[in-house]
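Here is the structure we will look at, set down as C-alpha coordinates.
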Amino acid sequence: MHDARIFREQVELLRDGMRRRQKLDALAPVIDCGLALDLERRSIIQAVEERKAARNASSQEVARRKKAGEDADDLIASGRALGEQIQKLEEELAASEVELRDILLGLPNLTLPDVPEGGEEANRIVRTWGEPRPSDGVKPHWEIGEQLGILDLQRGAKISGSGFIVFRGLGARLTRALMNFFIDVHVREHGYEEVWVPVVVNRASMTGTSQLPKFEDDMYALKEEDLFLVPTAEVPVTNLYRDEIVDASTLPRGFVAYTPCFRREAGAAGKDTRGLLRVHEFDKVEMVRYCTPEQGDEEHERLTKHAESLLERLGLPYRRVLLAAGDTGFGAARCYDLEVWAPGVGKWLEVSSCSTFGDFQARRANIRYRPAQGEKPRFVHTLNGSGLAFPRVIAAILEHYQLEDGHVTVPEVLRPYMATEVL
RNA sequence: GGACAGGUGGCCGAGUGGUUUAAGGCGCACGCCUGGAAAGCGUGUGGUGGGGCAACUCACUCGCGGGUUCGAAUCCCGCCCUGUCCGCCA
(Lines give C-alpha, C1' and ligand atoms only; values in the text may rest on other atoms or scores of the structure.)
Protein backbone atom coordinates (compact mmCIF):
# COMPACT_ATOMS: atom_id res chain seq x y z
CA MET A 1 0.00 0.00 0.00
CA HIS A 2 1.13 3.49 -0.75
CA ASP A 3 1.12 6.37 1.69
CA ALA A 4 -1.89 8.60 0.95
CA ARG A 5 0.59 11.45 0.71
CA ILE A 6 1.65 10.07 -2.67
CA PHE A 7 -1.44 11.71 -4.16
CA ARG A 8 -0.53 15.21 -3.08
CA GLU A 9 3.26 14.93 -3.29
CA GLN A 10 4.20 12.45 -6.02
CA VAL A 11 1.20 11.78 -8.16
CA GLU A 12 3.25 11.86 -11.38
CA LEU A 13 5.56 9.20 -10.01
CA LEU A 14 2.52 7.10 -9.20
CA ARG A 15 1.08 7.55 -12.70
CA ASP A 16 4.41 6.66 -14.26
CA GLY A 17 4.63 3.53 -12.13
CA MET A 18 1.22 2.40 -13.30
CA ARG A 19 2.19 3.16 -16.90
CA ARG A 20 5.31 1.00 -16.57
CA ARG A 21 3.04 -1.82 -15.40
CA GLN A 22 0.75 -1.16 -18.36
CA LYS A 23 -2.04 -0.38 -15.94
CA LEU A 24 -2.37 3.36 -16.39
CA ASP A 25 -5.41 3.23 -18.65
CA ALA A 26 -7.33 1.30 -16.05
CA LEU A 27 -6.00 3.16 -13.03
CA ALA A 28 -5.79 6.80 -14.12
CA PRO A 29 -9.38 7.52 -13.04
CA VAL A 30 -8.74 5.74 -9.76
CA ILE A 31 -5.71 7.93 -9.12
CA ASP A 32 -7.71 11.06 -9.87
CA CYS A 33 -10.32 9.88 -7.45
CA GLY A 34 -7.69 9.26 -4.75
CA LEU A 35 -6.31 12.72 -5.28
CA ALA A 36 -9.74 14.28 -4.81
CA LEU A 37 -10.50 12.12 -1.78
CA ASP A 38 -7.26 13.05 -0.08
CA LEU A 39 -8.11 16.73 -0.47
CA GLU A 40 -11.65 16.20 0.73
CA ARG A 41 -10.53 14.15 3.66
CA ARG A 42 -8.10 16.76 4.90
CA SER A 43 -10.58 19.55 4.64
CA ILE A 44 -13.12 17.57 6.68
CA ILE A 45 -10.46 16.79 9.25
CA GLN A 46 -9.78 20.46 9.69
CA ALA A 47 -13.46 21.27 10.08
CA VAL A 48 -14.10 18.50 12.57
CA GLU A 49 -11.01 19.13 14.66
CA GLU A 50 -11.74 22.80 14.92
CA ARG A 51 -15.11 21.93 16.42
CA LYS A 52 -13.67 19.33 18.72
CA ALA A 53 -11.22 21.84 20.10
CA ALA A 54 -14.11 24.21 20.75
CA ARG A 55 -16.09 21.45 22.44
CA ASN A 56 -13.18 20.50 24.65
CA ALA A 57 -12.75 24.07 25.77
CA SER A 58 -16.45 24.41 26.43
CA SER A 59 -16.64 21.21 28.46
CA GLN A 60 -13.85 22.37 30.69
CA GLU A 61 -15.60 25.64 31.25
CA VAL A 62 -18.78 23.75 32.17
CA ALA A 63 -16.81 21.78 34.73
CA ARG A 64 -15.29 24.93 36.16
CA ARG A 65 -18.65 26.71 36.45
CA LYS A 66 -20.38 23.73 38.02
CA LYS A 67 -17.67 23.50 40.57
CA ALA A 68 -18.12 27.17 41.32
CA GLY A 69 -21.90 26.65 41.54
CA GLU A 70 -22.54 28.81 38.47
CA ASP A 71 -25.02 28.24 35.69
CA ALA A 72 -23.76 26.58 32.49
CA ASP A 73 -26.93 25.98 30.52
CA ASP A 74 -25.85 28.23 27.66
CA LEU A 75 -22.60 26.30 27.20
CA ILE A 76 -24.37 22.97 27.40
CA ALA A 77 -26.75 24.07 24.67
CA SER A 78 -23.98 25.29 22.39
CA GLY A 79 -22.02 22.13 23.13
CA ARG A 80 -24.94 20.06 22.01
CA ALA A 81 -25.04 21.95 18.73
CA LEU A 82 -21.32 21.40 18.25
CA GLY A 83 -21.78 17.72 18.97
CA GLU A 84 -24.36 17.42 16.24
CA GLN A 85 -22.08 19.10 13.73
CA ILE A 86 -19.18 16.89 14.78
CA GLN A 87 -21.23 13.76 14.35
CA LYS A 88 -22.30 14.76 10.88
CA LEU A 89 -18.76 15.67 9.82
CA GLU A 90 -17.39 12.45 11.25
CA GLU A 91 -19.80 10.43 9.17
CA GLU A 92 -18.56 12.22 6.06
CA LEU A 93 -14.98 11.71 7.15
CA ALA A 94 -15.44 8.01 7.77
CA ALA A 95 -17.00 7.54 4.34
CA SER A 96 -14.22 9.42 2.65
CA GLU A 97 -11.54 7.51 4.54
CA VAL A 98 -13.04 4.15 3.66
CA GLU A 99 -13.12 5.13 -0.01
CA LEU A 100 -9.56 6.39 0.09
CA ARG A 101 -8.35 3.25 1.80
CA ASP A 102 -10.11 1.06 -0.73
CA ILE A 103 -8.30 2.90 -3.48
CA LEU A 104 -4.95 2.62 -1.74
CA LEU A 105 -5.45 -1.10 -1.11
CA GLY A 106 -6.22 -1.62 -4.78
CA LEU A 107 -3.18 0.15 -6.26
CA PRO A 108 -0.16 -2.05 -7.07
CA ASN A 109 3.32 -1.22 -5.89
CA LEU A 110 5.74 0.91 -7.87
CA THR A 111 8.50 -1.12 -9.45
CA LEU A 112 12.14 -0.17 -8.98
CA PRO A 113 13.98 1.75 -11.72
CA ASP A 114 15.93 -1.27 -12.96
CA VAL A 115 12.74 -3.23 -13.67
CA PRO A 116 12.02 -3.25 -17.42
CA GLU A 117 8.83 -1.52 -18.55
CA GLY A 118 6.10 -3.48 -20.26
CA GLY A 119 4.60 -6.95 -20.13
CA GLU A 120 5.82 -10.52 -20.04
CA GLU A 121 7.61 -10.16 -23.40
CA ALA A 122 9.97 -7.67 -21.74
CA ASN A 123 11.11 -10.14 -19.06
CA ARG A 124 14.88 -10.38 -19.06
CA ILE A 125 16.97 -13.50 -18.50
CA VAL A 126 19.78 -12.23 -16.31
CA ARG A 127 21.74 -15.41 -15.79
CA THR A 128 21.74 -19.12 -16.50
CA TRP A 129 23.38 -22.00 -14.70
CA GLY A 130 24.09 -25.54 -15.84
CA GLU A 131 23.63 -27.37 -19.13
CA PRO A 132 20.01 -27.97 -20.04
CA ARG A 133 19.61 -31.65 -20.93
CA PRO A 134 18.28 -32.27 -24.43
CA SER A 135 14.70 -33.50 -24.50
CA ASP A 136 15.38 -36.52 -26.74
CA GLY A 137 13.96 -39.66 -25.23
CA VAL A 138 13.11 -38.06 -21.89
CA LYS A 139 9.64 -38.89 -20.69
CA PRO A 140 7.51 -36.31 -18.90
CA HIS A 141 7.45 -36.63 -15.13
CA TRP A 142 3.83 -37.74 -14.96
CA GLU A 143 4.63 -40.84 -17.01
CA ILE A 144 7.75 -41.71 -15.05
CA GLY A 145 6.11 -40.88 -11.74
CA GLU A 146 3.14 -43.17 -12.35
CA GLN A 147 5.44 -45.87 -13.75
CA LEU A 148 7.60 -45.83 -10.63
CA GLY A 149 4.55 -45.82 -8.36
CA ILE A 150 5.60 -42.63 -6.63
CA LEU A 151 2.89 -40.39 -8.08
CA ASP A 152 -0.85 -41.17 -8.02
CA LEU A 153 -2.80 -38.46 -9.81
CA GLN A 154 -5.92 -40.60 -10.23
CA ARG A 155 -6.43 -41.14 -6.55
CA GLY A 156 -5.54 -37.55 -5.72
CA ALA A 157 -8.38 -36.48 -8.00
CA LYS A 158 -10.72 -39.03 -6.44
CA ILE A 159 -10.00 -37.89 -2.91
CA SER A 160 -10.11 -34.16 -3.54
CA GLY A 161 -10.47 -33.25 -7.22
CA SER A 162 -8.21 -32.46 -10.13
CA GLY A 163 -5.11 -30.59 -9.09
CA PHE A 164 -4.65 -32.57 -5.90
CA ILE A 165 -1.85 -35.05 -5.77
CA VAL A 166 -0.97 -38.21 -3.92
CA PHE A 167 2.72 -39.04 -3.55
CA ARG A 168 3.50 -42.61 -2.58
CA GLY A 169 6.47 -44.56 -1.34
CA LEU A 170 9.70 -42.93 -2.42
CA GLY A 171 7.69 -40.03 -3.85
CA ALA A 172 6.30 -39.25 -0.41
CA ARG A 173 9.77 -39.64 1.05
CA LEU A 174 11.16 -37.32 -1.60
CA THR A 175 8.77 -34.60 -0.43
CA ARG A 176 9.92 -35.09 3.13
CA ALA A 177 13.54 -35.06 1.97
CA LEU A 178 13.14 -31.78 0.13
CA MET A 179 11.55 -30.16 3.15
CA ASN A 180 14.39 -31.18 5.41
CA PHE A 181 17.14 -30.46 2.92
CA PHE A 182 15.87 -26.98 2.07
CA ILE A 183 15.25 -25.95 5.67
CA ASP A 184 18.56 -27.38 6.84
CA VAL A 185 20.52 -25.38 4.28
CA HIS A 186 18.70 -22.15 5.08
CA VAL A 187 19.06 -22.58 8.81
CA ARG A 188 22.61 -23.90 8.96
CA GLU A 189 24.21 -21.97 6.15
CA HIS A 190 22.03 -18.97 5.38
CA GLY A 191 21.22 -17.91 8.92
CA TYR A 192 17.44 -18.18 8.89
CA GLU A 193 15.29 -18.78 11.93
CA GLU A 194 13.09 -21.80 11.37
CA VAL A 195 9.42 -21.17 12.13
CA TRP A 196 6.37 -23.40 11.96
CA VAL A 197 3.23 -21.39 11.43
CA PRO A 198 -0.53 -21.76 11.00
CA VAL A 199 -1.72 -22.38 7.47
CA VAL A 200 -5.14 -20.94 8.26
CA VAL A 201 -4.99 -17.18 8.68
CA ASN A 202 -7.35 -14.28 9.28
CA ARG A 203 -8.36 -11.46 7.00
CA ALA A 204 -5.96 -8.95 8.55
CA SER A 205 -3.00 -11.17 7.75
CA MET A 206 -4.13 -11.72 4.20
CA THR A 207 -4.56 -7.98 3.78
CA GLY A 208 -1.17 -7.30 5.35
CA THR A 209 0.72 -9.16 2.65
CA SER A 210 -1.66 -7.89 -0.08
CA GLN A 211 -3.48 -11.06 -1.13
CA LEU A 212 -6.62 -9.23 -0.04
CA PRO A 213 -8.77 -7.46 -0.92
CA LYS A 214 -7.94 -7.78 -4.59
CA PHE A 215 -7.38 -11.51 -4.97
CA GLU A 216 -10.02 -12.94 -2.67
CA ASP A 217 -11.44 -15.09 -5.47
CA ASP A 218 -8.13 -16.92 -5.84
CA MET A 219 -8.10 -17.97 -2.19
CA TYR A 220 -9.63 -20.93 -0.45
CA ALA A 221 -11.71 -19.54 2.37
CA LEU A 222 -13.46 -20.84 5.45
CA LYS A 223 -16.44 -18.54 5.04
CA GLU A 224 -18.10 -19.22 8.39
CA GLU A 225 -14.95 -18.19 10.21
CA ASP A 226 -13.67 -15.53 7.81
CA LEU A 227 -10.39 -17.44 7.63
CA PHE A 228 -8.28 -18.38 4.64
CA LEU A 229 -5.98 -21.21 3.64
CA VAL A 230 -2.58 -19.70 2.95
CA PRO A 231 -1.52 -19.48 -0.70
CA THR A 232 2.08 -19.23 0.53
CA ALA A 233 3.93 -19.17 3.85
CA GLU A 234 4.72 -15.56 3.03
CA VAL A 235 1.38 -14.66 4.62
CA PRO A 236 1.75 -16.09 8.14
CA VAL A 237 5.51 -15.52 8.29
CA THR A 238 5.54 -11.90 7.13
CA ASN A 239 2.68 -11.21 9.53
CA LEU A 240 4.63 -12.55 12.51
CA TYR A 241 5.46 -8.98 13.51
CA ARG A 242 2.32 -7.24 12.25
CA ASP A 243 1.51 -4.19 14.37
CA GLU A 244 4.86 -4.33 16.12
CA ILE A 245 8.01 -2.28 16.26
CA VAL A 246 10.95 -4.65 15.83
CA ASP A 247 14.35 -4.09 17.35
CA ALA A 248 16.58 -2.40 14.75
CA SER A 249 19.59 -4.39 15.88
CA THR A 250 17.91 -7.59 14.63
CA LEU A 251 17.83 -6.32 11.02
CA PRO A 252 18.31 -7.78 8.55
CA ARG A 253 16.73 -11.01 9.69
CA GLY A 254 15.29 -14.01 7.95
CA PHE A 255 12.65 -16.64 8.67
CA VAL A 256 12.16 -19.90 6.89
CA ALA A 257 9.05 -22.06 6.99
CA TYR A 258 7.63 -25.08 5.31
CA THR A 259 3.91 -25.01 4.59
CA PRO A 260 1.47 -26.49 2.18
CA CYS A 261 0.10 -23.81 -0.16
CA PHE A 262 -3.48 -23.62 -1.38
CA ARG A 263 -4.45 -21.89 -4.60
CA ARG A 264 -7.75 -22.03 -6.40
CA GLU A 265 -6.02 -21.05 -9.66
CA ALA A 266 -9.37 -19.73 -10.85
CA GLY A 267 -9.26 -19.11 -14.57
CA ALA A 268 -5.97 -20.91 -15.03
CA ALA A 269 -7.53 -24.19 -16.15
CA GLY A 270 -6.00 -25.76 -19.23
CA LYS A 271 -2.74 -23.86 -19.20
CA ASP A 272 0.30 -25.95 -18.36
CA THR A 273 -1.70 -27.98 -15.90
CA ARG A 274 -0.57 -31.52 -16.58
CA GLY A 275 1.08 -33.61 -13.92
CA LEU A 276 2.76 -31.52 -11.29
CA LEU A 277 2.87 -28.29 -13.26
CA ARG A 278 -0.02 -26.45 -11.68
CA VAL A 279 -1.91 -27.84 -8.73
CA HIS A 280 -4.31 -26.55 -6.08
CA GLU A 281 -2.32 -27.75 -3.13
CA PHE A 282 1.44 -27.97 -3.09
CA ASP A 283 4.32 -27.87 -0.67
CA LYS A 284 6.91 -25.16 -0.40
CA VAL A 285 9.70 -23.88 1.78
CA GLU A 286 9.57 -20.11 1.94
CA MET A 287 12.15 -17.55 3.01
CA VAL A 288 10.97 -14.23 4.42
CA ARG A 289 13.28 -11.35 5.27
CA TYR A 290 12.88 -8.04 7.07
CA CYS A 291 15.44 -5.29 6.56
CA THR A 292 15.93 -1.53 6.58
CA PRO A 293 15.25 0.48 3.42
CA GLU A 294 18.98 0.93 2.91
CA GLN A 295 19.55 -2.83 2.91
CA GLY A 296 16.77 -3.59 0.44
CA ASP A 297 18.70 -4.15 -2.80
CA GLU A 298 21.51 -6.10 -1.22
CA GLU A 299 19.00 -8.25 0.64
CA HIS A 300 17.09 -9.00 -2.52
CA GLU A 301 20.25 -10.30 -4.17
CA ARG A 302 21.12 -12.32 -1.08
CA LEU A 303 17.68 -13.90 -0.88
CA THR A 304 17.73 -14.81 -4.56
CA LYS A 305 21.15 -16.41 -4.20
CA HIS A 306 19.88 -18.46 -1.29
CA ALA A 307 17.23 -19.94 -3.57
CA GLU A 308 19.68 -20.42 -6.45
CA SER A 309 22.11 -22.23 -4.22
CA LEU A 310 19.53 -24.98 -3.67
CA LEU A 311 19.14 -25.59 -7.39
CA GLU A 312 22.89 -25.68 -7.81
CA ARG A 313 23.27 -28.21 -5.02
CA LEU A 314 20.55 -30.30 -6.62
CA GLY A 315 22.43 -30.00 -9.91
CA LEU A 316 19.40 -28.72 -11.78
CA PRO A 317 20.05 -26.27 -14.64
CA TYR A 318 18.11 -23.04 -14.20
CA ARG A 319 17.88 -19.45 -15.26
CA ARG A 320 17.12 -16.27 -13.39
CA VAL A 321 14.53 -14.00 -14.98
CA LEU A 322 14.02 -10.39 -14.03
CA LEU A 323 10.31 -9.83 -14.48
CA ALA A 324 9.11 -6.81 -16.39
CA ALA A 325 6.92 -4.34 -14.53
CA GLY A 326 3.71 -5.68 -16.06
CA ASP A 327 4.55 -9.24 -15.04
CA THR A 328 5.66 -8.33 -11.53
CA GLY A 329 3.23 -9.28 -8.79
CA PHE A 330 0.86 -6.72 -7.34
CA GLY A 331 2.83 -5.99 -4.19
CA ALA A 332 6.37 -6.48 -5.46
CA ALA A 333 8.84 -3.75 -6.35
CA ARG A 334 11.15 -6.17 -8.13
CA CYS A 335 10.87 -9.88 -8.72
CA TYR A 336 13.25 -12.55 -9.99
CA ASP A 337 11.76 -15.83 -11.09
CA LEU A 338 13.97 -18.88 -11.00
CA GLU A 339 13.10 -21.33 -13.74
CA VAL A 340 14.38 -24.86 -13.79
CA TRP A 341 14.80 -26.85 -17.00
CA ALA A 342 12.46 -29.81 -17.39
CA PRO A 343 13.56 -31.74 -20.48
CA GLY A 344 10.60 -34.15 -20.40
CA VAL A 345 8.03 -31.42 -20.84
CA GLY A 346 10.57 -29.29 -22.71
CA LYS A 347 9.93 -26.21 -20.62
CA TRP A 348 11.49 -23.92 -18.07
CA LEU A 349 9.43 -24.28 -14.90
CA GLU A 350 9.10 -21.51 -12.34
CA VAL A 351 10.20 -22.94 -9.01
CA SER A 352 10.87 -19.74 -7.11
CA SER A 353 9.77 -16.13 -7.09
CA CYS A 354 12.09 -13.87 -5.14
CA SER A 355 10.56 -10.49 -4.50
CA THR A 356 11.30 -7.33 -2.64
CA PHE A 357 8.29 -5.30 -1.57
CA GLY A 358 9.90 -2.15 -0.25
CA ASP A 359 7.59 -0.84 2.47
CA PHE A 360 4.45 -1.85 0.55
CA GLN A 361 3.59 -4.78 2.79
CA ALA A 362 5.05 -3.25 5.92
CA ARG A 363 2.73 -0.25 5.62
CA ARG A 364 -0.29 -2.53 5.25
CA ALA A 365 0.81 -4.81 8.03
CA ASN A 366 2.24 -1.97 10.13
CA ILE A 367 5.64 -3.56 10.73
CA ARG A 368 8.16 -0.96 11.86
CA TYR A 369 11.56 -0.54 13.41
CA ARG A 370 13.14 2.36 15.27
CA PRO A 371 16.38 3.39 13.55
CA ALA A 372 17.85 4.77 16.76
CA GLN A 373 16.73 5.67 20.25
CA GLY A 374 14.45 8.67 20.17
CA GLU A 375 13.88 8.55 16.41
CA LYS A 376 10.54 8.01 14.79
CA PRO A 377 9.67 4.46 13.79
CA ARG A 378 9.99 3.65 10.08
CA PHE A 379 8.49 0.83 8.07
CA VAL A 380 10.77 -2.14 7.48
CA HIS A 381 11.26 -3.51 4.01
CA THR A 382 9.98 -7.03 3.46
CA LEU A 383 11.21 -9.66 1.02
CA ASN A 384 10.30 -13.21 0.30
CA GLY A 385 11.24 -16.01 -2.00
CA SER A 386 10.46 -19.65 -2.48
CA GLY A 387 13.28 -21.80 -1.41
CA LEU A 388 11.85 -23.84 -3.15
CA ALA A 389 8.43 -25.05 -4.34
CA PHE A 390 8.38 -28.83 -4.38
CA PRO A 391 6.21 -30.18 -7.23
CA ARG A 392 8.08 -28.58 -10.10
CA VAL A 393 11.42 -29.40 -8.49
CA ILE A 394 10.26 -33.00 -8.31
CA ALA A 395 9.19 -32.82 -11.95
CA ALA A 396 12.63 -31.49 -12.91
CA ILE A 397 14.40 -34.19 -10.89
CA LEU A 398 12.30 -36.94 -12.49
CA GLU A 399 13.16 -35.60 -15.93
CA HIS A 400 16.71 -34.30 -15.58
CA TYR A 401 17.94 -37.36 -13.69
CA GLN A 402 15.96 -39.87 -15.71
CA LEU A 403 17.83 -43.05 -16.72
CA GLU A 404 17.22 -44.96 -19.92
CA ASP A 405 15.50 -47.80 -18.05
CA GLY A 406 12.94 -45.40 -16.57
CA HIS A 407 14.52 -45.14 -13.16
CA VAL A 408 15.77 -41.88 -11.73
CA THR A 409 19.06 -41.07 -10.04
CA VAL A 410 18.63 -39.33 -6.68
CA PRO A 411 20.62 -36.06 -6.52
CA GLU A 412 23.57 -36.58 -4.23
CA VAL A 413 22.56 -33.97 -1.66
CA LEU A 414 19.27 -35.76 -1.10
CA ARG A 415 20.74 -39.21 -0.55
CA PRO A 416 21.29 -38.77 3.18
CA TYR A 417 17.59 -37.91 3.45
CA MET A 418 16.40 -40.59 1.03
CA ALA A 419 18.50 -43.57 1.99
CA THR A 420 18.57 -44.63 -1.66
CA GLU A 421 20.54 -43.62 -4.73
CA VAL A 422 17.86 -44.41 -7.24
CA LEU A 423 14.10 -44.13 -7.57
C1' G B 1 -19.20 -24.90 23.27
C1' G B 2 -20.57 -23.20 28.77
C1' A B 3 -19.30 -20.37 33.45
C1' C B 4 -16.36 -16.87 35.85
C1' A B 5 -12.25 -13.24 35.98
C1' G B 6 -9.46 -9.91 33.31
C1' G B 7 -7.34 -6.44 29.01
C1' U B 8 -4.71 1.14 31.22
C1' G B 9 1.84 4.01 28.25
C1' G B 10 8.40 0.01 26.97
C1' C B 11 7.04 -2.61 31.90
C1' C B 12 4.33 -2.57 36.78
C1' G B 13 0.19 -0.12 38.55
C1' A B 14 -3.82 3.70 40.52
C1' G B 15 -8.13 5.38 38.63
C1' U B 16 -16.70 4.04 38.63
C1' G B 17 -18.83 10.87 34.73
C1' G B 18 -15.62 17.04 35.02
C1' U B 19 -7.98 20.31 38.00
C1' U B 20 -6.72 12.52 35.48
C1' U B 21 -6.11 17.13 29.64
C1' A B 22 -3.83 9.04 32.77
C1' A B 23 -1.35 9.63 39.59
C1' G B 24 2.79 6.87 41.32
C1' G B 25 6.76 3.53 40.48
C1' C B 26 10.31 0.84 37.31
C1' G B 27 13.08 1.23 32.97
C1' C B 28 15.40 4.48 29.51
C1' A B 29 17.87 9.30 27.93
C1' C B 30 20.20 13.75 29.29
C1' G B 31 22.17 16.97 33.10
C1' C B 32 24.14 17.96 38.14
C1' C B 33 27.24 15.59 41.65
C1' U B 34 32.15 12.29 41.27
C1' G B 35 39.09 11.23 40.02
C1' G B 36 35.66 7.54 37.64
C1' A B 37 31.32 4.94 38.85
C1' A B 38 27.18 3.65 42.05
C1' A B 39 23.79 6.10 45.06
C1' G B 40 21.35 10.73 45.30
C1' C B 41 19.10 15.05 42.95
C1' G B 42 16.91 17.44 38.60
C1' U B 43 14.77 17.36 33.65
C1' G B 44 12.71 14.63 29.88
C1' U B 45 10.41 10.24 28.07
C1' G B 46 4.61 6.63 23.36
C1' G B 47 1.88 6.25 18.72
C1' U B 48 -1.34 8.15 14.62
C1' G B 49 -3.44 12.05 11.86
C1' G B 50 -4.17 17.54 10.58
C1' G B 51 -2.00 22.61 10.15
C1' G B 52 2.89 25.15 9.87
C1' C B 53 9.39 26.53 6.48
C1' A B 54 10.06 26.02 11.57
C1' A B 55 9.58 26.73 16.78
C1' C B 56 5.14 24.92 17.65
C1' U B 57 0.09 23.71 17.72
C1' C B 58 -4.65 21.04 17.35
C1' A B 59 -7.26 16.37 17.25
C1' C B 60 -7.35 11.22 18.26
C1' U B 61 -5.36 7.12 21.11
C1' C B 62 -6.78 3.35 28.26
C1' G B 63 -8.22 -4.44 23.68
C1' C B 64 -11.64 -3.23 19.03
C1' G B 65 -16.33 -1.10 17.23
C1' G B 66 -20.86 1.33 18.30
C1' G B 67 -24.13 4.09 21.88
C1' U B 68 -25.61 7.55 26.06
C1' U B 69 -23.77 12.68 27.59
C1' C B 70 -22.23 19.55 27.09
C1' G B 71 -18.20 16.08 28.69
C1' A B 72 -16.45 8.78 28.91
C1' A B 73 -10.47 5.05 30.88
C1' U B 74 -15.00 5.43 33.98
C1' C B 75 -22.02 4.12 32.18
C1' C B 76 -24.67 0.82 28.17
C1' C B 77 -24.48 -2.75 23.80
C1' G B 78 -21.70 -5.95 20.40
C1' C B 79 -17.13 -8.23 19.24
C1' C B 80 -11.91 -9.86 19.90
C1' C B 81 -8.12 -11.69 22.96
C1' U B 82 -5.94 -13.75 27.65
C1' G B 83 -6.45 -16.64 32.23
C1' U B 84 -9.09 -20.32 35.35
C1' C B 85 -12.75 -24.15 35.74
C1' C B 86 -16.24 -27.47 33.08
C1' G B 87 -17.31 -30.10 28.44
C1' C B 88 -14.97 -32.22 24.06
C1' C B 89 -10.45 -34.01 22.05
C1' A B 90 -5.15 -35.74 18.41
Side-chain angles (χ1 to χ4, degrees), chain A residues 1-10 34-105 196-208 212 222-228 236 239-251 260 359-380:
Chain A
M1 185 167 68
H2 302 286
D3 191 328
R5 269 188 280 259
I6 199 167
F7 291 122
R8 62 191 107 126
E9 289 170 9
Q10 298 188 290
L35 190 60
L37 279 166
D38 178 58
L39 266 171
E40 175 184 281
R41 170 178 159 271
R42 282 183 295 142
S43 100
I44 302 174
I45 284 174
Q46 286 183 43
V48 79
E49 288 190 354
E50 202 173 281
R51 284 163 181 78
K52 280 186 176 177
R55 181 180 68 182
N56 288 346
S58 161
S59 290
Q60 280 170 60
E61 178 61 12
V62 171
R64 194 199 62 76
R65 284 202 203 166
K66 291 219 162 174
K67 193 154 268 184
E70 297 168 17
D71 178 80
D73 288 352
D74 56 329
L75 286 179
I76 289 174
S78 65
R80 186 176 294 133
L82 272 176
E84 281 161 13
Q85 290 177 38
I86 288 168
Q87 184 159 22
K88 203 167 174 185
L89 286 166
E90 282 195 322
E91 279 166 21
E92 288 175 38
L93 181 60
S96 143
E97 278 183 337
V98 165
E99 254 187 282
L100 182 60
R101 184 170 167 81
D102 283 350
I103 283 177
L104 285 168
L105 286 174
W196 195 276
V197 292
V199 299
V200 177
V201 300
N202 60 29
R203 184 171 287 275
S205 294
M206 290 288 272
T207 306
L212 296 185
L222 306 174
K223 298 221 158 59
E224 293 285 304
E225 317 281 351
D226 204 29
L227 295 171
F228 300 85
N239 277 282
L240 274 173
Y241 286 87
R242 172 155 52 82
D243 293 320
E244 294 192 45
I245 298 178
V246 302
D247 186 344
S249 69
T250 64
L251 302 178
D359 63 9
F360 191 84
Q361 291 184 323
R363 179 172 287 107
R364 288 174 167 243
N366 192 27
I367 306 165
R368 296 175 293 170
Y369 75 103
R370 200 181 296 279
Q373 171 116 32
E375 285 187 41
K376 285 281 173 195
R378 301 171 73 192
F379 291 114
V380 301

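Bear in mind the structure is a predicted one, so any value in this text is a computation, not a measurement. First the proteins, then the strands, lettered A, B, ... as listed; each starts at 1.
More than 12 heavy atoms of other residues, nucleotides or ligands lie within 6.0 Å of CD in A/E375, so this atom counts as buried by the packing criterion. The number of heavy-atom neighbours closer than 6.0 Å to CZ of A/R101, taken from other residues, nucleotides and ligands shown, is 12 or below.
Comparing the same atom, P, in B/rC75 and in B/rU82 gives a spacing of 24 Å after rounding to whole Å. Nucleotides B/rG2 and B/rC88 place their C1' atoms 12 Å apart, quoted to the nearest Å. Taking atom P on both B/rG83 and B/rA38, the two are 40 Å apart, rounded to the nearest angstrom.
Among the protein residues, A/R8 comes within range of the sugar-phosphate backbone only, with heavy atoms under 4.0 Å from sugar or phosphate atoms but none that close to a base. Among the heavy atoms of the strands lying under 4.0 Å from A/R55 are primed sugar atoms or P, OP1, OP2 only; no base atom is included. Within the nucleic acid shown, A/D73 has no heavy atom closer than 4.0 Å to any nucleic acid atom. Among the atoms of the strands shown, only primed sugar atoms or phosphate atoms (P, OP1, OP2) are found under 4.0 Å from some heavy atom of A/R370. Using a 4.0 Å heavy-atom distance criterion, A/R5 is classed as a sugar-phosphate-only contact.
Of the nucleotides present, B/rC32 is the one that pairs with B/rG40 by Watson-Crick or G-U wobble criteria, both distances under 3.5 Å. Of the nucleotides present, none pairs with B/rU68 by Watson-Crick or G-U wobble criteria with both distances under 3.5 Å. Under the Watson-Crick or G-U wobble criterion, with both distances below 3.5 Å, B/rG83 is paired with B/rC4. Across all strands shown, B/rG10 forms a Watson-Crick or G-U wobble pair, both distances under 3.5 Å, with B/rC26. B/rU16 is unpaired under the criterion used here, namely a Watson-Crick or G-U wobble arrangement in which both key atom distances are under 3.5 Å.
Annotation: side chain of A/I367 is not in contact with side chain of A/E244 (no heavy-atom distance under 4.5 Å). A/I103 places a side-chain heavy atom less than 4.5 Å from the side chain of A/F7.
In terms of phosphate contacts, A/N202 brings no side-chain nitrogen or oxygen within less than 4.0 Å of OP1 or OP2 of B/rC80. Contact annotation: A/N56 does not reach the phosphate of B/rG71 (side-chain N/O to OP1 or OP2, under 4.0 Å). Within the structure, every side-chain polar atom (N or O) of A/K66 is placed at least 4.0 Å from both OP1 and OP2 of B/rG17. Note on A/K52: every side-chain N or O is 4.0 Å or more away from OP1 and OP2 of B/rC58.
Checking each of A/E91, A/E49, A/E90, A/E92 against A/I44 for a side-chain contact (heavy atoms from CB on, under 4.5 Å) leaves exactly one that passes, namely A/E92.
The residue among A/A53 and A/P377 whose nearest nucleotide of RNA chain B is located toward the 5' end is A/P377. Ranked by how close their nearest RNA chain B nucleotide is to the 5' end, A/E375 and A/G79 are led by A/E375.
Remark: C1' of B/rU69 and CG of A/L82 are 14 Å apart, rounded to the nearest angstrom. One can place CD of A/Q60 at 8 Å from P of B/rU19, the figure rounded to the nearest angstrom. When the C1' atom of B/rC60 is taken as reference, atom CG of A/L93 falls 11 Å away, rounded to whole Å. Rounded to a whole Å, the CD atom of A/E90 is 9 Å from the P atom of B/rG66. Residue A/E224 contributes atom CD, which lies 12 Å from atom P of B/rG1 at whole-angstrom precision. Spacing between atom CZ of A/R378 and atom P of B/rG46 amounts to 20 Å, rounded to whole angstrom units. Here the C1' atom of nucleotide B/rC64 and the CG atom of A/D243 are 12 Å apart, to the nearest Å. Separating the OH atom of A/Y369 from the C1' atom of B/rG10 is a distance of 20 Å, rounded to the nearest angstrom.
Without hydrogens or angle criteria, A/R364 side chain to A/T207 main chain gives a donor-acceptor distance under 3.5 Å.
Between A/A4 and A/L100, the shortest heavy-atom contact is CB-CD2, 4.2 Å. Closest approach of A/S205 to A/N239, counting heavy atoms only: O-ND2, 2.9 Å.
The CZ atom of A/R80 lies 12.0 Å from the CG atom of A/L75; values are rounded to the nearest 0.5 Å.
For residues 39-50 of chain A, proximity to RNA chain B is found at A/R41, A/R42, A/I45, A/Q46, A/E49, defined as any non-hydrogen atom under 4.0 angstrom from a strand atom.
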